[in-house]
Amino acid sequence: PKEVPSNSRVLMLLGQLEKLNGEAVLSDAEVSRHITSKILHLIQTQEKTRKEITAKGSSGMEVILASLEVSGGRRVGVLVSKGGTAILLQLLITTSKEWPPSEELMLQLHTILAKVGPKDRKFGIKARINGALNITVSLLKQNLQNHKLLLPCLQVLRVYSANSVNAVSLGKNGVVELLFKIIGPYSKKNTSILKVTLDTLAALLKSKANARRAVDRTYVPTLLAVYQDWHRNDTRHRHVHIRKAILGCIRNITNIKLGRKAFLEADGMRILYSTSTECLSVRTLDPLINTSSLIMRKCFPKNRLPVPTIRSVFHYQLPHIPAEGPVAQLYRQPPDVDDVVDESDDNDDTEADTENDTENEEDEKNHKTQNDDIETDISKLRPKENLTRPLEDLKMYECFFPELSENFQGYSFDSSKSCQTPAVLPKSLAPIVVPTAHAPSPLSLAQGELTDLPLDLDSICISKDGPGGAVVGSLQGELEHDDDCSSHSSGELGVLEVPDTAALLPLHDPELYIDMVKGTKSVPQYTEVAYPDYFGHVAPTFREHILERVYGVQRAKIFQDIERMIHPNDILDKVVYDLDLKRSPVIDDGESLKFNSQFESGNLRKAVQVRKFEYDLILNSDINSNHYHQWFYFEVSGMRVGSSYRFNIINCEKVNSQFNYGMQVLMYSVQEAISGHPRWVRTGTEICYYKNHFSRSSIAAGGQKGKSYYTMTFTVTFQYRDDVCYFAYHYPYTYSTLKMHLQKLEALRTPQIYLRQDVLCETLGGNSCPLLTITAMPQSSSNDQICQFKNRPYVFLTARVHPGETNASWVMKGTLEFLMSPSPMAQSLRESYVFKIVPMLNPDGVINGNHRCSLSGEDLNRQWQRPSPDLHPTIFHTKGLLQYLSSIQRVPLVYCDYHGHSRKKNVFMYGCSIKETLWQTNVNAAACDLQEDLSYRTLPKILSQLAPAFSMASCSFVVEKSKESTARVVVWREIGVQKSYTMESTLCGCDQGKYKGLQIGTRELEEMGAQFCIALLRLKRLSSPLEFRNSSHFLDVENDLIESRCKVTSSTTYVLDEDEPSFMEEVDYSAESNDEPEPDPDPQETPADEDGLSDSELALRRS
Ligand SMILES: [Zn+2]
């Protein structure tokens, strides 16, 4: 650097700064900060200083530049924080007014601004307010060939363009066209200029007006040609960043409909598809493939879901239509209206362009919305005491509680047996032994035999329908020819052997199952029974690991989907199953799979063969609804052994799924079953879940337009010839299975067990809703015993309000079996509580293959505040039971509703706490003074110590607004049950504890149900003073609370829908084809608006 004359203050300071620059590492940051701020102050206050520093021949600017260079970001930060940006911009203005303007100074100023700009969040606004935009633009126009000046100017322009208001204004001033003049064909020279130009262009093209301008000037084919040129010539991949930047421009233009049209007309699909497939082998080119794939998905023409209507195939007329809500809307809709697509989808480009965008404040907005669902209205968190039904009305429930009036007079207590009851054992001394699923049990011993010895198979008659046998045992046949096997056995297979599952499954009985099916009323009036439900199943003896996600699966699948458009002639498009047709297509050419789902809990609406070994599947919506599909259960036959079949469920609705995080589908092979292994096995490779190109009408998407469905895809290779295989979302558990289990439970009754089975009510579909009462018989009819019997606290359990959450039923099965078991612990538990259990709150939904709703088309777990006796009888009466208990001062100690969770791992609970809810929101801090019993945390805490699948870390005790009408919240608030929970079991598997890395099976789920019982016993013992003293620190509820309170500042304590880590291959859900929303227009914005300025800048203005 030149020598700095030291005859002025500023030049002296600059000299010091230069000297410090030389010492780089050793320099004291404080000193240089001090000097920098002094220089700034002088420039700011003295005209003379400004002149001195920018005068020809002065090295002032160079020193500042060098200074910025030396310490990287740190000094830039100082400069920004001291208000340097505005000073530099003013210098730029002043310099530009001089004639002739100094090119050198302009160059220096832009070089500094290019460094400072990206560090200053408000740079774009400041530049616009100071009028710097046009100075840079005109400098650029005059110096297109001057590469030395071009680069810093473009760099500054790039920072300007990041601001959306600037982007619109720059576009009006012809900057898009200007930049296109710089973009040329492939050349190794000046690649940095090209890169900045493309980045700036991409930023400008985020504005709709600019994107339209680019389409009008036919820049889309130009960009595609430039991309192909670079793709062809950059063979050694030295300039991947240039290609990425070109794609960035295309990506932004195709955010508008016109852009997508231009892209398709310019053969963009084929160009990006072929360039991408050529890149596939080079891992470093992944960003190009991923961006290309994103653009292609966005531009892929939206397809119509191939169904006549999105309403359920099955019709069920409701007794009356609710006045409002989704069902009312559904019924109000004229019958001939096309609800599959929106016509208005086509006009998404007509809205007026926003020329006066304001700054993007999205960051802050996102922060706020996250906690939006937390209930902050304390009046809605406090107990709600009135509004219960009148006492005389609740009297009708008295008959469900005979245990409260029974006095057992005249009942003969078998003394020889009662002395064996564990009740006489000293309870507090009995150790709690925790059985776990992998410990040897009678069941797993039986399985050991199963693998070693051939089963003694009972033969049973089932009609087979032709070769391959697609039709399951016909109920009609069973009814008519109960004992005559030969009369309806036909086809080559003839009589089918049935595994003797009764030996393996104590609660299963195929014949009893058929009996139960006969009494089950389905809307489609099913006459077939699925083999897995009939045979039963045992848990496999091998471990089923959560799959590792394979890199590139999603991409490969999406490319296969894109090929459908590129090579349309390869697509068969053959309908092989269709419930919308009166008669399903007859498939007998041996070229296609046969499908069936017309049995209890079945759900498949349509199957279309797309390629030789690929099928698109469409699920049926819940009855009286036009969406909710996730649950599936169907049968496949006619497969070829050894070929890989790809199945795509193309009308999924959720934005993400555990299928992206290692979950597999379930498959049941009848061939395996009859050879002695009746089991559901986790199956499928190349599984992933992604947004597809089938458009979802706004009717089904809650009013939002331009939404798409999601595809869940999996690949299966079949093992056996002439097999019949079943696929399910999760282990099926039908209503008939429940009825069979309840009958079998009856057989487990001993004289010590008090078991009652009542019918709580009838469902809309005419099925009965069972209610169970389980407790211990009193040991005698003595007053003491009867008194103890009558005063046992209630535990109230419910499950399966959501039909698609079959895991809840398996957990419930575990609970019921434990409660009926002869073990001392079970007896002790029965003596401690009276259990009231509604094991299936939504029988109709389960029977008819719904995912979420009942026949009323509504989510029953959103009806607890005001259940209707006609439309939601099971909820109305279950709530009635609880209200009755409340009216007689017998509020249950614990309420728990069993559910399944589709997007999280492990088992966990949601509870209710006013304090924890308010802490999350940091409002109403004063309300934290209110007293709250902390014991709501005890049960989950015990479970986390007992049950391997249970995770305390996933529990939450926050009350959300959206959950105010759920069982958990209403039972807590209205009935006054402090320990009111939802217990959520994963559909996938565990990421902690003993089962870490494993997918969950029925054995683990049933174990969970048993552990829940043991936890209740522990809860009981903790409340006895003797044991409490010994184990109070074991629970450490207080400490937990303090922990959770500390975490309040971090947003992660809030109940997130999913908590999966990201993986290498980004799952891009942003490929919406609708336009990105632009910031709200705000024509009021003027330079006088000081909100957008930093403090230092405000100070500068005031001075
Ligand atoms: Zn649920």
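First listed ligand is number 1; within each ligand, the first listed atom is number 1.
Protein nitrogen, oxygen and sulfur atoms, that is N, O or S, within less than 2.8 Å of the Zn ion (ligand 1) amount to 4.
By the side-chain contact (heavy atoms from CB on, under 4.5 Å) test, S962 pairs with D373, E960, sequence neighbours left out. Annotation: side chain to side chain donor-acceptor pair (under 3.5 Å) contacts of K879 (sequence neighbours excluded): E974. Evaluation of the side chain to side chain donor-acceptor pair (under 3.5 Å) rule for N648 yields E614, D616, R646, T713 as partners, not counting sequence neighbours.
Ring centroid separation for the pair H901 and F908 comes in under the 6.0 Å cut-off.
Side-chain atoms of T520 and Y526 include no donor-acceptor pair closer than 3.5 Å.
When the options F727, Y668, Y729 are evaluated for a ring pair (Phe, Tyr, Trp, His ring centres under 6.0 Å) with F634, the one that passes is F727.
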